[in-house]
Amino acid sequence: MVGVKDRVVVVTGAGGGLGREYAMLLAREGARVVVNDLGGARDGSGESTAMADQVVREIREAGGDAVASYDSVDTEEGARAIIGTAVAEYGGVHGIVNNAGILRDRAFHKMTAEDWEAVLRVHLFGSYHVTSAAWPYFREQRYGRVVMAASTSGLFGNFGQANYGSAKAGLVGLVNTLAIEGSKHNITANAVAPMAATRMTEDVAPPEMLAKLPPEQVAPLVGYLLTEECTDTGMTLVAGGGTYYRVQPFQSAGLRFEQTPSMDDVAAQWHTITDMTDATPGVNPVG
Ligand code: NAI
């Protein structure tokens, strides 16, 4: 049986929605869970200890082991404090789920620099800070599991989500490099793009669709990625409504010009360059 028993796992943004489901499942499976949540509103305003406390209470009532953390992921000090809670309470950290997130949707022509920064700060910088704080422990113990909350918005784009999609695509980029750098230390990093009915999606998708996307259906995939048995790394997966699949970039066969082409040459060959008929999984030519 695959498992997370006695593993110390930090779930950021675990005071509600998907993070709560991740924390509850991990605790049921015997992990010791740091339930981190700033306790703010969907747009990132405000804060409260109530959300994290409530989830910790529920986990303990069900016989699980959890501790609350209220620090924000979006600063280096906050992230250090979150990982510090795991180390102080449970003596270490084995896995992290970078799940905390906010939303400031706006069409690009109306988006302010503040909307842009606020979203990147929590999702991309926050995931960086928390992972960076945990990384020395992972290297030292030669074991670590990192899961990033990505999004189909980052993979495919979505109207009004230039800030959010950029942050989420950035996390896929971060996973790609962490997978390479972590491999010799037995550290894996994977990205999960969830689809679930939460406060984040309540007015983004139609109610009939949301009814088919209970957040608990995403949790087993995230849980599996946190087990020692799962050694796959650098993957991006989509999970929602009981459907799980992997997404990966492919590259066309393309063509090679013997001499520097003119723009007209490019135009003439455009179809061949972009034709995906014989596409193969993408590789980094300098990797
Ligand atoms: P949610 O709004 O219920 O959960 C996000 C949690 O993060 C909240 O509890 C919030 O208080 C917390 N949070 C926000 N800023 C924080 C900070 N600076 N420090 C610590 N905690 C903070 O939304 P949901 O849907 O559960 O989202 C979880 C993750 O999954 C997010 O990263 C989201 O972008 C991602 N996601 C969700 C999708 C969905 O269909 N629900 C789709 C794609 C991605």
Stepwise salt bridge (charged side-chain N to carboxylate O under 4.0 Å, His left out) check, D203 with R42
CA-CA 12 Å; D203 52 5; R42 188 173 81 161; 2.8 Å; yes
Residues R20, E58; criterion salt bridge (charged side-chain N to carboxylate O under 4.0 Å, His left out); working and verdict
CA-CA 10 Å; R20 174 180 173 279; E58 286 177 56; 2.5 Å; yes
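In this structure, the separation between CG on L120 and CD1 on I102 is 9.5 Å, given to the nearest 0.5 Å. If you take NE2 on H129 and CG on L124, they are separated by 9.5 Å, rounding to the nearest 0.5 Å. To the nearest 0.5 angstrom, T188 atom OG1 is 8.0 Å from L226 atom CG.
Without hydrogens or angle criteria, N190 side chain to M235 main chain gives a donor-acceptor distance under 3.5 Å. Between the side chain of T233 and the backbone N or O of A189 there is at least one donor-acceptor pair closer than 3.5 Å.
Ion pair R145/E228 not flagged as a salt bridge, since none of the NZ, NE, NH1 or NH2 atoms sits closer than 4.0 Å to an Asp/Glu carboxylate oxygen. The pair E76-R80 counts as a salt bridge, with a side-chain nitrogen and a carboxylate oxygen less than 4.0 angstrom apart. A salt bridge between R7 and E29 is absent, with no side-chain N of the basic residue lying under 4.0 Å from a carboxylate O of the acidic one.
Smallest separation of non-hydrogen atoms from A68 and T85: O-CG2, 4.1 Å. For the pair T131 and L178, the tightest heavy-atom approach, listed with the atom from each and the gap, is CG2-CD1, 3.8 Å.
F138 has its ring centre no less than 6.0 Å from the ring centre of H185.
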